[in-house]
Amino acid sequence: MHLEYPNKKKVSEILTKPISVHLKKTNNITSTNKLLIGDNYQVMRCMLDDLNMASKVNMVYIDPPFSTNTVFRISEDRANTISSSNEDKTAYEDTLKGSEFIEFLRERVILLRELMSETGSFYLHIDYKIGHYVKVMLDEIFGVENFRNDITRIKCNPKNFKRKAYGNIKDLILFYTKSKDYIWNEPKVLLSENDIDKLFKKIDHKGRRYTTVPIHAPGETANGPTGKPWKGMEPPKGRHWRCSPEELEQLDEKGLIEWSKTGNPRRIIYADEKIENGKKLQDIWEYKDPQYPDYPTQKNRELLDLIISTSSNEGDLVMDCFVGSGTTIVSANELRRNWIGIDKSKEAIEVTVKRLTKTKTSSLFNSNMPYEIYNLENS
């Protein structure tokens with residue numbers, strides 16, 4: 001499936017149409033880390049054409065405009081206050097709507113895919129009003145076979161707005177990969193007391209909580225050891241033992257097989273052996289945004305820590321082409337990843353630099369910063 005709308009460009013046009021700008025480095029630092037200032041379409045074209053960065057980026061997270069038809073501003077006298085006053089500084093304008101917005105985003109995602117390595121992952125943060133159209137657009141670019149998750153992110157506490165609809169406390173993160181072979185560091189969640197009570201309902205004679213699981217699994221392997229008899233029993237029809245009869249015998253000798261009154265064996269799993277390993281993270285996350293952000297729509301730092309640590313390794317290159325307040329690259333920096341951030345908003349760049357240097361007196365062009373700074377310049 002794909003979207004059809006007026007003025008939809010061919011991929012070849014997006015990748016090759018002439019541009020009249022190039023990237024100019026403005027400091028004397030040599031680093032893999034880069035802060036690139038300018039329109040992100042033009043910047044990424046220059047990254048591909050001039051810096052030869054195709055297939056170099058290991059992970060992308062973007063939090064683009066949400067097609068809200070809103071101008072986001074920052075108060076002059078209170079830097080951490082988001083304001084709607086016309087007298088305040090404009091942080092960025094989110095005024096594209098409908099197919100115009102989709103095509104704006106599509107152009108940039110196509111370039112991002114070109115920049116991504118074959119083992120790369122892509123996360124796009126969006127809301128429920130436009131997200132379903134964005135999902136179809138991403139399926140077209142990455143292939144539906146490379147869609148991994150539609151993650152629900154609980155963003156705030158419940159609100160009692162007076163409107164004829166359910167309250168909205170979530171947005172979504174669409175997760176894709178460039179191929180089936182991608183970086184993945186399994187995230188785990190600690191088991192709570194409620195989890196333990198719910199999952200490990202049995203208690204042995206020593207007071208240890210436990211549960212039991214079948215010792216067989218779907219699929220026949222008649223020619224392998226897991227299809228052989230154990231204690232005179234064959235695996236159930238259409239199934240095989242989860243381990244060899246020799247290993248099952250060892251488990252039984254250690255008291256780790258529970259036999260029912262009808263002679264049905266099951267493997268014992270103790271709660272205290274599973275607590276440290278935790279449980280698999282699911283696709284509903286609660287990461288509420290800062291109450292007093294440095295920049296409009298600033299995202300939760302722990303949210304980015306989770307994404308970056310899951311889908312990249314130390315030394316990998318993480319990129320955000322809508323860098324905003326800089327949360328992505330601040331997180332990447334702390335997690336020992338290399339990074340690239342792009343934004344055309346002066347206010348966004350200033351906030352990002354302050355957060356990177358952890359001081360409010362830093363100059364944008366301080367030559368001691370540990371990253372390269374580039375501006376767009378006419379050819």
Side-chain angles (χ1 to χ4, degrees), residues 11-12 14-15 23 31-36 40-41 43-64 105-126 131 134-151 153 172-187 281 283 285 299 303-324 326-343 371-372 374:
V11 172
S12 58
I14 293 168
L15 293 174
L23 286 168
S31 173
T32 305
N33 301 331
K34 293 174 174 58
L35 193 56
L36 309 173
N40 51 15
Y41 172 82
V43 168
M44 288 190 286
R45 277 293 307 277
C46 291
M47 290 173 64
L48 290 167
D49 300 343
D50 302 337
L51 301 184
N52 299 314
M53 292 201 65
S55 302
K56 299 292 179 62
V57 176
N58 304 105
M59 200 215 86
V60 172
Y61 168 89
I62 59 172
D63 177 26
L105 194 54
R106 175 175 170 265
E107 290 181 3
R108 285 144 181 85
V109 174
I110 286 171
L111 293 177
L112 284 165
R113 187 183 182 281
E114 292 296 309
L115 289 163
M116 286 170 57
S117 69
E118 289 302 309
T119 59
S121 296
F122 174 86
Y123 292 81
L124 185 147
H125 210 136
I126 199 71
V134 173
K135 166 69 167 65
V136 177
M137 179 265 287
L138 294 178
D139 284 345
E140 182 180 345
I141 295 172
F142 286 98
V144 68
E145 69 277 7
N146 290 318
F147 169 66
R148 303 301 167 199
N149 283 104
D150 172 346
I151 300 160
R153 198 275 300 225
L172 61 144
I173 301 170
L174 298 169
F175 170 33
Y176 287 77
T177 59
K178 193 170 180 179
S179 70
K180 65 179 181 180
D181 180 22
Y182 54 95
I183 297 166
W184 182 256
N185 302 310
E186 184 75 59
L281 181 65
D283 62 0
W285 303 351
K299 293 300 181 284
L303 169 69
L304 271 301
D305 288 349
L306 168 63
I307 290 172
I308 291 171
S309 59
T310 298
S311 289
S312 69
N313 297 317
E314 286 193 14
D316 283 348
L317 182 57
V318 173
M319 181 170 167
D320 185 347
C321 68
F322 294 91
V323 80
T327 304
T328 303
I329 61 178
V330 168
S331 174
N333 202 59
E334 292 294 320
L335 292 172
R336 299 181 183 276
R337 274 66 169 172
N338 297 308
W339 51 263
I340 294 175
I342 307 172
D343 212 294
Y371 48 86
E372 299 178 350
Y374 288 81

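Because the structure is predicted, anything quoted here is derived from the model rather than measured.
- Taking the side chain as every heavy atom from C-beta outward, Y176 and I141 never approach each other to under 4.5 Å.
- Residues L281 and L306 form a side-chain contact, since some pair of their non-hydrogen atoms from C-beta on lies under 4.5 Å apart.
- A heavy-atom distance below 4.5 Å is not found between the side chains of K299 and T328.
- L174 and L172 get closest at one heavy-atom pair: CD2-CD1, 3.7 Å.
- Nearest heavy atom pair, residue S309 against residue N185, reads O-ND2, 3.0 Å.
- The two residues C321 and M44 make their nearest non-hydrogen contact at SG-CE, 4.0 Å.
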Contacts under 3.5 angstrom, residues 51-62 side chains, donor-acceptor by atom type, not counting sequence neighbours:
{"from": "K56", "atom 1": "NZ", "to": "N52", "atom 2": "O", "distance (Å)": "3.1"}
{"from": "N58", "atom 1": "OD1", "to": "L317", "atom 2": "N", "distance (Å)": "2.7"}
{"from": "Y61", "atom 1": "OH", "to": "H125", "atom 2": "ND1", "distance (Å)": "2.7"}

Less than 3.5 Å apart, which donor and acceptor atoms pair up between the side chains of residues 143-151 and the rest of the protein, not counting sequence neighbours?
{"from": "N146", "atom 1": "OD1", "to": "R148", "atom 2": "NH2", "distance (Å)": "3.3"}
{"from": "N146", "atom 1": "ND2", "to": "F142", "atom 2": "O", "distance (Å)": "2.9"}
{"from": "N146", "atom 1": "ND2", "to": "K178", "atom 2": "O", "distance (Å)": "3.4"}
{"from": "R148", "atom 1": "NE", "to": "T177", "atom 2": "OG1", "distance (Å)": "3.0"}
{"from": "R148", "atom 1": "NH2", "to": "T177", "atom 2": "OG1", "distance (Å)": "3.1"}
{"from": "R148", "atom 1": "NH2", "to": "S179", "atom 2": "O", "distance (Å)": "3.3"}

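- In this structure, I308 CD1 and R337 CZ are separated by 7.5 Å, a value rounded to the nearest 0.5 Å.
- For E107, the salt bridge (charged side-chain N to carboxylate O under 4.0 Å, His left out) partners two or more places apart in sequence, or in a different chain, are K9.
- Contact of the F175 side chain with the D283 side chain is not registered, since no non-hydrogen atoms from C-beta on lie closer than 4.5 Å.
- Applying the side chain to side chain contact (heavy atoms under 4.5 Å, CB included) test to D305 and every residue at least two apart in sequence or in another chain returns R301, S331, L335.
- At a threshold of 4.5 Å between non-hydrogen side-chain atoms, the residues L36 and M47 count as touching.
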Distance-only criterion, 3.5 Å: show the donor-acceptor pairs between side-chain atoms of residues 108-115 and protein atoms not counting sequence neighbours.
{"from": "R108", "atom 1": "NE", "to": "N40", "atom 2": "OD1", "distance (Å)": "2.6"}
{"from": "R108", "atom 1": "NH1", "to": "F104", "atom 2": "O", "distance (Å)": "2.9"}
{"from": "R108", "atom 1": "NH2", "to": "D39", "atom 2": "OD1", "distance (Å)": "3.3"}

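- If you take CG on L124 and CE on M137, they are separated by 7.0 Å, rounding to the nearest 0.5 Å.
- In this structure, the separation between CG on L303 and CG on D63 is 9.0 Å, given to the nearest 0.5 Å.
- One finds the CD1 atom of I340 at 9.5 Å from the OH atom of Y374 (value rounded to the nearest 0.5 Å).
- Between R106 and I14 there is a side-chain heavy-atom pair separated by less than 4.5 Å.
- With S311 as reference, Y123 is the one residue of Y123, W184, Y182 to meet the side chain to side chain donor-acceptor pair (under 3.5 Å) rule.
- Between the CD1 atom in I342 and the CG atom in L35 there is a gap of 9.5 Å [rounded to 0.5 Å].
- Residue D50 holds its CG atom at 9.5 Å from CZ of R45, rounded to the nearest 0.5 Å.
- Residues passing the side chain to side chain contact (heavy atoms under 4.5 Å, CB included) test with N33, sequence neighbours excluded: S31, N333, N338, W339, Y371.
- Closest approach of G131 and I126 over heavy atoms only: CA-CG2, 3.7 Å.
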